[in-house]
There are 2 protein chains.
Amino acid sequence: MIRVVIAEDQAMVLGALAALLEIEGDFDVVGRAADGEMALTLCMETKPDVLLTDIEMPKMTGLELAAAVRKQAPGTRVIILTTFARAGYLRRALDAGANGYLLKDSPAERLANAVRLVHQGGRAIDPELAAEAWSEPDPLTDRERQVLRMAGDGQTSADIATSLRLSEGTVRNYLSEAISKLGAANRIEAARIAREKGWL
Amino acid sequence: MIRVVIAEDQAMVLGALAALLEIEGDFDVVGRAADGEMALTLCMETKPDVLLTDIEMPKMTGLELAAAVRKQAPGTRVIILTTFARAGYLRRALDAGANGYLLKDSPAERLANAVRLVHQGGRAIDPELAAEAWSEPDPLTDRERQVLRMAGDGQTSADIATSLRLSEGTVRNYLSEAISKLGAANRIEAARIAREKGWL
DNA sequence: TCCGGCACATGACAGAAGTCATGGTCGCCG
DNA sequence: CGGCGACCATGACTTCTGTCATGTGCCGGA
């Protein structure tokens with residue numbers, strides 16, 4: 001039996017994933033956590049073979065959790081399971097010591113196999129992502145990203161200029177460059193595109 | 001046996017939900033759909049007792065799907081299962097003829113009971129949401145909503161005016177009214193607020 | 001060392017966005 | 001019928017946005 005802890009903030013999905021593994025017969029779900037801190041505690045108490053975790057959770061993200069588990073419960077191997085096919089996330093997950101990275105978009109059958117593979121010492125990277133990881137990199141500079149994020153929340157150029165202690169013209173210029181780099185027609189579209197690519 | 005079709009765009013979650021129901025013993029998952037159109041086709045072919053559907057899906061939203069199923073497969077009862085505790089969604093779901101509305105945040109045990117309840121002719125509204133449903137109603141008119149949605153995607157007033165065969169001034173006026181009704185400072189913030197409330 | 005490339009920064013100007021006053025149409029109620 | 005309120009529609013006016021020309025400082029390669 002492979003002993004598994006699952007961390008996922010949507011209770012319904014958490015329960016469903018547990019059912020999905022238990023129906024296979026060779027998994028024992030020894031812990032369920034609704035946030036990162038609870039997951040870390042559970043991992044230290046139960047020393048599971050595998051931790052399956054979402055990224056976006058309250059209190060501690062799955063990426064922080066992966067790093068903490070690697071330090072404090074080194075026998076446990078970590079699989080990240082998330083909605084987001086963002087190249088940046090995969091890189092940070094591997095840096096944090098994760099042994100697997102799956103997308104919620106990929107078929108359910110893949111989950112059990114990935115857990116088995118990682119338990120045996122292998123790696124399980126979602127193929128959809130492995131390709132995308134080497135695709136177009138974020139073209140935005142730090143300032144452009146910062147300004148675009150604020151503009152996407154509805155702040156005016158003047159608001160942003162005040163917050164960042166810049167002139168209004170400068171802010172508009174960053175936005176203009178971001179708009180041009182992303183092939184957008186205005187700040188709204190630019191923010192939407194950047195968000196979709198995971199660059200904000 | 002209660003015959004169920006599930007519609008959910010994240011394949012992993014779809015599979016997990018199916019496992020969750022099948023493990024109970026009294027459900028038969030007769031169809032799985034990754035988008036709204038596929039779900040509608042499946043419902044017309046298999047005439048399930050209950051359709052369990054997400055809201056945000058490609059091609060056809062869960063709300064549109066609920067309305068279509070009510071018309072074209074009236075024997076099938078519909079439960080909406082979604083992440084979003086937005087009052088506007090619940091209201092529109094009930095208007096569309098849904099018999100249940102569950103949140104992915106609520107415990108997994110509740111799902112099976114809700115499906116059984118709805119199958120017996122009852123209603124299953126998530127208690128977290130039932131209270132919130134009677135809060136502030138959508139203040140936007142049809143035109144305002146339509147224009148705000150397009151503006152929120154990054155279209156300019158001129159684009160929108162052309163699409164809807166209006167003068168540019170009219171479009172700007174609708175946006176101005178929406179901005180004022182929502183207490184926003186500009187179209188971007190207005191679109192964000194409306195989206196969060198489930199009014200778009 | 002000198003130059004080119006890059007990120008950062010600014011202001012002037014044309015064009016888009018937001019506000020306001022105004023008027024039209026429809027349905028509803030006294 | 002007449003008045004009222006809600007929604008739809010428009011143009012004039014002010015404010016905000018997006019673009020462009022310009023300039024600075026910093027780093028790495030020839």
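Just so it is clear, the structure is predicted and the values come from calculations on it, not from any experiment.
- A donor N or O paired with an acceptor N or O is found under 3.5 Å between the base of D/dC20 and the side-chain atoms of A/Asn173.
- In this structure, the nucleotide among D/dT19, C/dT19, D/dC16 sitting nearest to the side chain of A/Thr156 is D/dC16.
- If you run side-chain contact (heavy atoms from CB on, under 4.5 Å) between A/Leu81 and each of A/Val13, A/Leu17, A/Ile6, only A/Leu17 comes through.
- Checking C/dT19, D/dT17, C/dC8 against every side-chain atom of A/Arg172, the shortest atom distance belongs to D/dT17.
- Remark: C1' of D/dC16 and CD of B/Glu189 are 15 Å apart, rounded to the nearest angstrom.
- Straight-line distance from the CG atom of A/Leu182 to the P atom of D/dG18: 13 Å, rounded to whole Å.
- Spacing between atom CG of A/Leu166 and atom P of D/dG23 amounts to 21 Å, rounded to whole angstrom units.
- Using a 4.0 Å cut-off, some side-chain N or O of B/Ser167 falls inside it from OP1 or OP2 of D/dG11.
- Between the CD atom of A/Glu168 and the P atom of D/dG18 there is a distance of 11 Å, rounded to whole Å.
- Look at OH on B/Tyr174: it is 16 Å from C1' on C/dC20, rounded to the nearest Å.
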I would like to know whether B/Arg92 and B/Asp95 meet salt bridge (Lys or Arg N to Asp or Glu O under 4.0 Å); could you show each step before the answer?
-> CA-CA 5 Å; B/Arg92 279 156 64 196; B/Asp95 287 349; over 6 Å; no

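- The side chain of A/Arg143 contributes an N or O atom lying less than 4.0 Å from OP1 or OP2 of C/dA9.
- Here the side chains of B/Asp126 and B/Arg110 are in contact, with some heavy-atom distance below 4.5 Å.
- Looking at heavy-atom distances under 4.0 Å, A/Thr170 makes contact with a base.
- Candidate nucleotides C/dG18, C/dG11, C/dC8 were compared by shortest atom distance to the side chain of B/Arg187, and C/dG18 ranks first.
- Across the protein-nucleic acid pair, A/Leu175 atom CG and D/dT19 atom C1' stand 12 Å apart, rounded to whole Å.
- Protein atom CG of B/Asp142 is 11 Å distant from nucleotide atom C1' of D/dC8, rounded to whole Å.
- Between the C1' atom of C/dA9 and the CD atom of A/Glu144 lies a distance of 12 Å, rounded to the nearest Å.
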After noting the C-alpha distance and the side-chain angles of B/Lys104 and B/Glu8, does the key distance pass the salt bridge (Lys or Arg N to Asp or Glu O under 4.0 Å) rule?
-> CA-CA 12 Å; B/Lys104 286 183 182 171; B/Glu8 157 70 53; 3.0 Å; yes

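- OP1 or OP2 of D/dG18 has not a single side-chain nitrogen or oxygen of A/Ser157 nearer than 4.0 Å.
- Between C/dC8 and A/Thr141, a contact under 4.0 Å exists linking OP1 or OP2 to a side-chain N or O.
- Contact check on A/Arg116 versus A/Glu24 returns a salt bridge, with a Lys/Arg side-chain nitrogen under 4.0 Å from an Asp/Glu carboxylate oxygen.
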